[in-house]
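The structure appears right after this line, and notes come after that.
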There are 4 protein chains.
Amino acid sequence: MARGINKVILVGNLGNDPETRYTQGGMAITRISLATTSVRKDKDGNQQERTEWHRVVFFGKLGEIAGEYLRKGSSVYVEGSIRYDKYTGQDGQEKYSTDIIADEMQMLGGREGGGGGAGGDRPARAPRQDYGNQGGGQRRPAPAPASQPAPIDDFADDDIPF
Amino acid sequence: MARGINKVILVGNLGNDPETRYTQGGMAITRISLATTSVRKDKDGNQQERTEWHRVVFFGKLGEIAGEYLRKGSSVYVEGSIRYDKYTGQDGQEKYSTDIIADEMQMLGGREGGGGGAGGDRPARAPRQDYGNQGGGQRRPAPAPASQPAPIDDFADDDIPF
Amino acid sequence: MARGINKVILVGNLGNDPETRYTQGGMAITRISLATTSVRKDKDGNQQERTEWHRVVFFGKLGEIAGEYLRKGSSVYVEGSIRYDKYTGQDGQEKYSTDIIADEMQMLGGREGGGGGAGGDRPARAPRQDYGNQGGGQRRPAPAPASQPAPIDDFADDDIPF
Amino acid sequence: MARGINKVILVGNLGNDPETRYTQGGMAITRISLATTSVRKDKDGNQQERTEWHRVVFFGKLGEIAGEYLRKGSSVYVEGSIRYDKYTGQDGQEKYSTDIIADEMQMLGGREGGGGGAGGDRPARAPRQDYGNQGGGQRRPAPAPASQPAPIDDFADDDIPF
DNA sequence: TTTT
DNA sequence: TTTT
């Protein structure tokens, strides 16, 4: 049973174009690097800036949309959860990584694609180039990486008895 | 297309048992009244409490779960969005209501049901009694809110020009 | 003692210019009307849009900043809490209102002021007209937006190529 | 200027008692390990659980409160931001760490201290044992576990004893 | 690496 | 009333 809440809300800008891969099953996995910058006063009263670079991962349909519409510089709202991983590097050392697993995304504009018709090496809405080894198109829609059910299906379906 | 984010996160306690209704289509709709209490210092430096009573609505499967497991006094985490409605009351007057439409819920323990097996007039896990799919539409007024404002420093310091 | 969490996160656009008032003590109180639009499919499978108009209130220094930099059409991130009020209208009727009391705000760009030098009845960076007794403050505005939806899909379905 | 939003909301349980240190300036720094568990169905339709262990850090007054009132097993709501750090380990290797910097905290009850006066190896409200090099008595006993805003005042003020 |  |  789910115990606890693990929720992240980010608004930031992409440091690079997204990278999309596909699983053998055809599911898109898109990664972005998202910057958020905060300020605080240090002990001398000077404004200090600090930027965090979040590794955000989008799966499935969200991964396709993220890969297709986000670009370096894009401003985006992301909601998701934190996932910590531990793995053994090629040097035999234990490594740790932290990812934000997105389950909601909304573009906010900003640098919006870096090439609205002019100069872009890739049209903003072109299907994403993909590097994957996917066998085909069986991208079936399915459950979510994290989170809870969300009804509201037949919301307006009848009269509502209140 | 979705434009914007409308997100609410509440942790609070139920003021009463949930009320569950069903649409003619059989969808559960459960309502609870959820209290959150905040404190701030007033201008005289005294601690001032203020309780907000949120009307939270759960639809579908979440409505069934909420109706089944929540009870007066239960502590619960709710995530959802705000919905404002306007309707004409039986007195012909225009009325406004605000509801929190839940899309995630998690019980947190606490008063947990008001009767751990003993003495409750209804076992904590019994299927909820339901009032059926009747057509009546009488919107009740929300539970009475308390008093006192919320935010920044000298808020209550003078008259408020609105 | 504080009991519970009452948190709201909004990203939306202003339907009108902000309105700023000042208390006799000189505290700014700024109100905005903020739209968030969501979509869902109705039972016939059609996309249904619904816009909520949030009344957001900023106090103190945040009220000054909001009043100075936000304009009709501005895109903004707001974090705060919900406050329900009950009052007696001039018609003697009991009325209810719901406000979002902001405690954090960040401009996201967008229509950014409705008058970039051209045609605005008030320059975007002019100190706000104020009805109260005190002066303004100098602060700079911020960045720009659009939008996109956000579904969800499969997860661990196969090997993950990262 | 701040650009972006970096917000984390956690509800979980402590895996161990908190650890509190003090800077030379006397600022409390408390660390906890907080578990959140989520479930999802894997591709075979089985319920899969996964627990994330968050390293949460509280500074200043919040650090004192957290150190004083939280215990192994405590259930707690935490709001804060993600901070990624990179450092060189004693083995000369570059290491990465991720912390949640808390700026709001609220106890939720649950295991609440593991010993209401009886049997605990340390009374729940005893002043925390501290390992630090702080100068003395400015550790005032904090008020009740209220949700409070964030200090982070003299955040960088000295060496940080972790 | 973004952004302002 | 905003926005796309």
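Quick note on labels: first sequence line is chain A, next is B, and so on, each numbered from 1. Owing to the predicted nature of the structure, the values given are computational and were not obtained by experimental measurement.
- Nearest heavy atoms, Leu62(C) versus Asp103(C): CD2-C, 3.7 Å.
- Rounded to an integer number of Å, the gap from Glu19(A) CD to dT2(E) P is 15 Å.
- No N or O donor and acceptor, one from the side chain of Thr37(C) and one from the base of dT3(F), sit under 3.5 Å apart.
- Each of Glu49(C) and His54(C) has a nearest nucleotide on DNA chain F; the 5'-most of these lies closest to His54(C).
- Rounded to an integer number of Å, the gap from CD1 of Ile100(C) to P of dT2(F) is 20 Å.
- Atom CE of Met1(D) and atom C1' of dT2(E) are 13 Å apart (whole Å).
- One atom, CZ of Arg3(D), and another, P of dT4(E), lie 9 Å apart when rounded to the nearest Å.
- Considering only side-chain atoms of Lys72(A), the nucleotide from dT1(E), dT4(F), dT1(F) that sits closest is dT1(E).
- Pairing each heavy atom of Glu19(C) with each of Arg21(C), the nearest pair is OE1-NH2, 3.2 Å.
- The side-chain heavy atoms of Thr51(A) and Trp53(A), taken from C-beta on, include a pair separated by under 4.5 Å.
- Residues Arg71(A) and Leu14(A) approach most closely at O-CB, 3.5 Å, considering heavy atoms.
- You cannot call Trp53(C) stacked on the base of dT2(F); the centres under 5.5 Å and planes under 30° rule is not satisfied.
- dT2(F) atom P lies 25 Å from atom OH of Tyr77(C), rounded to whole Å.
- Put simply, CG on Leu108(C) is 13 Å from P on dT4(F), counting in whole angstrom units.
- Per the geometry, CG belonging to Leu14(C) stands 10 Å off C1' belonging to dT1(F), to the nearest Å.
- Among the atoms of the strands shown, base atoms are found under 4.0 Å from some heavy atom of Thr51(A).
- Counting to the nearest Å, the P atom of dT4(F) and the CG atom of Asn13(C) are 7 Å from each other.
- Below the 3.5 angstrom threshold, one finds a donor paired with an acceptor across the side chain of Asn16(A) and the base of dT1(E).
- Here the shortest heavy-atom pairing between Gly63(A) and Thr30(A) reads O-OG1, 2.5 Å.
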